[in-house]
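As the structure lists them, so they are numbered: ligands from 1, and atoms in each ligand from 1. Quick note: numbers below take in every heavy atom, side chains included, and nothing from hydrogens, waters or symmetry partners. Predicted model, so just to flag it, every value in this text is computed and none were measured.
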Amino acid sequence: MTQPRNIPFGKPLLGQEEIEAVMAVLGGTQLVHGPRAKQFEADFAAFCGGGHATSVASCTAGLHLAYFDLGIGPGDEVIVPAETHVATAHAVEFTGANCVFVDVEAETGNISPDAVAAAITERTRAISVVHYLGLPADMPSIMMLAEKHGLAVIEDCALAIGSYLDGVHCGLIGDVGCFSFYPVKHMTTAEGGMVLSSHRDTISRIERKKAFGLDRTVTERSVPGIYDVTMLGYNYRLNELAAALGVEQVKKLPAFLEARRENTAVLRDALAEIDEVGLLWAGDDRFVSSHYCTAAILDDATAPRRFEIVRGLNAAGVGTSVYYPRPVPHMTYYREKYELPVDAFPNAARISNQSIALPVGPHLGADDMRYVATTLKNVIKETLP
Ligand SMILES: *Cc1c(COP(=O)(O)O)cnc(C)c1O
């Protein structure tokens, strides 16, 4: 019997560099509108290999701004994958437009292009794409549909920092990409997000719309305090404390991502030995995943014991999660609003109901991965009736 370990599902890796960067902000006078946000934006875009970026208060705020900027509203439809964080759908709802949920592919958890094609109507304005657990979605098929029907494509890249398709970073394939710096994600600013786009105009407009729609930024004002308002806007900026964290975390991203890649390889190999566990597709040479976590999908006979298995893992020190706890259309708000049939999203439902999300973050190493797999194998046996 091996000793129990402490393997959290996610853990922010903040070091002396981050502490010093935050202290430097606290010792100054500029807490918002400062140079760190600008630096973070430039560094993040450079990490992604190009495009333009503007920092925001969260990924959710970024997604809201993306739809707000499209000018969509009541009567419009946006196609949204059923298997995602509620934020993906909420951002559409904020505008008054309706979500049209479609199922995901069983092999990847990513939005199914066939399902998208079948859901397009005269009212469709945009397609929302989520790169599920960091594996890029089938963007070539999605972009073809978007071009054919004149639709915008918004990429929810909350789990896709370091995800590339055919050498292009996710977020730069569609019209706009939105990233999250929530604590358990690939890097953190406590709360925070980034909007990335290959279109400079889009980012320029979103820069205004995240700051009340003012006509000029603080540095562009010749007389302090004097500005005009040319459009409606929110207050969705990222503050300098968060941006200072971001500047330091971006530097560490290559090492974080490499650790995730190595951990995932060890974990997937070990999980392949467990008959009751299935894995999602790992991608081929065209796909670079950010390896957010590994979903262990329990077979039909084992799935009814999932919570018991999770408790066993947690008791042995293995942190777990579920991505995501229900298909979004099955969440009460959406179920009551749209009244969709419960069996309409079988692939999303299978992932939500039968998977356990296992950690692969850079706070862990190969030994931890082997421990996670061995523990899972043992717990599955122990919970047999
Ligand atoms: C975490 C997550 C979000 C929300 O990100 P915030 O920065 O917390 O707003 C949105 N979409 C997906 C797919 C996520 O996993």
Side-chain angles (χ1 to χ4, degrees), residues 9-12 37 40 44 53-68 78-94 99 101-102 104 108-111 126-137 139 153-163 170-171 174 176-196 206 210 234-239 242-243 245-246 249-250 260 280 289-295 320-329 331 333-334 348 351-352 355 357 359-361:
F9 177 76
K11 183 178 168 192
F40 182 28
F44 191 83
T54 190
S55 56
V56 285
S58 66
C59 180
T60 308
L63 290 166
H64 185 192
L65 288 167
Y67 293 115
F68 180 60
V78 176
I79 297 172
V80 177
E83 190 65 9
T84 183
H85 190 288
V86 288
T88 317
H90 277 6
V92 173
E93 297 278 318
F94 293 161
C99 292
F101 292 105
V102 299
V104 295
T108 65
N110 277 327
I111 193 164
I127 303 168
S128 159
V129 176
V130 177
H131 305 291
Y132 181 70
L133 307 186
L135 184 80
M139 291 303 286
V153 175
I154 307 299
E155 299 180 65
D156 181 337
C157 297
L159 303 183
I161 300 179
S163 300
C170 288
V176 177
C178 299
F179 296 81
S180 173
F181 309 126
Y182 183 75
V184 297
K185 305 227 163 148
H186 294 78
M187 55 164 275
T188 188
T189 61
E191 295 270 18
M194 192 72 79
V195 182
L196 180 75
I206 288 178
K210 77 172 186 191
Y234 293 85
N235 178 0
Y236 277 167
R237 288 177 307 249
L238 189 73
N239 69 64
L245 289 175
Q249 290 270 286
V250 171
R260 285 180 178 276
L280 294 173
S289 173
S290 63
H291 303 298
Y292 177 68
C293 65
T294 294
T320 60
S321 190
V322 177
Y323 278 75
Y324 290 90
R326 295 181 196 178
V328 175
M331 294 285 183
Y333 169 84
Y334 289 97
I351 291 172
S352 280
S355 73
V360 298

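- One distance of note links CD1 of Ile206 with SG of Cys178; it measures 7.0 Å at 0.5 Å rounding.
- Tyr182 OH: 12 or fewer foreign heavy atoms inside a 6.0 Å radius.
- When hydrogens are left out, the protein atom nearest atom 11 (N) of ligand 1 is Asp156 OD2, 2.7 Å; that is the closest non-hydrogen contact.
- Every atom of ligand 1 with a heavy atom of Leu159 under 4.0 Å away is listed here by number and element: 15 (O).
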(message) Let's go through Tyr292 and Tyr132 carefully: what are the C-alpha distance in whole Å and the side-chain angles of both, what is the deciding distance for ring pair (Phe, Tyr, Trp, His ring centres under 6.0 Å) to 0.1 Å, and is it a yes or a no?
(response) CA-CA 9 Å; Tyr292 177 68; Tyr132 181 70; 9.5 Å; no
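- Those atoms of ligand 1 with a heavy atom of Tyr324 less than 4.0 angstrom away are 12 (C), 13 (C), 14 (C), 15 (O).
- Checked options Thr88, Ile154, Val92; the residue passing with Val78 is Val92 (criterion: side chain to side chain contact (heavy atoms under 4.5 Å, CB included)).
- From Phe40, atom CZ reaches atom CD of Gln249 across 8.5 Å, with rounding to the nearest 0.5 Å.
- In this structure, NE2 on His291 lies 13.0 Å from CG on Leu159, to the nearest 0.5 angstrom.
- Annotation for ligand 1: atoms under 4.0 Å from non-hydrogen atoms of Gly192 are 7 (O).
- An N or O contact shorter than 3.5 Å is missing between Thr84 and ligand 1 by distance.
- Within the structure, the closest approach of Gly62 to ligand 1 does not fall below 4.0 Å when heavy atoms are considered.
- Where the criterion is an N or O separation shorter than 3.5 Å, residue side chain and backbone included, Cys59 meets it with respect to ligand 1.
- Listed by atom number, the atoms of ligand 1 under 4.0 Å from Ser58 heavy atoms are 7 (O), 9 (O).
- Only the side chain of Ala158 comes within contact range of ligand 1, with a heavy atom under 4.0 Å; no backbone atom does.
- Ring pair Phe68/Phe94: centre-to-centre distance not below 6.0 Å.
- Protein heavy atom nearest atom 3 (C) of ligand 1, with residue, atom name and distance: Lys185 NZ, 3.5 Å.
- Among Gly193, Ser180, Cys178, the residue whose heavy atom lies nearest to atom 5 (O) of ligand 1 is Ser180.
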Could you walk me through whether Tyr334 and Glu93 pass the side-chain hydrogen bond (donor to acceptor under 3.5 Å, both in side chains) test, one step at a time? CA-CA 10 Å; Tyr334 289 97; Glu93 297 278 318; 4.8 Å; no
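- Between Thr60 and ligand 1, at least one pair of N/O atoms sits closer than 3.5 Å.
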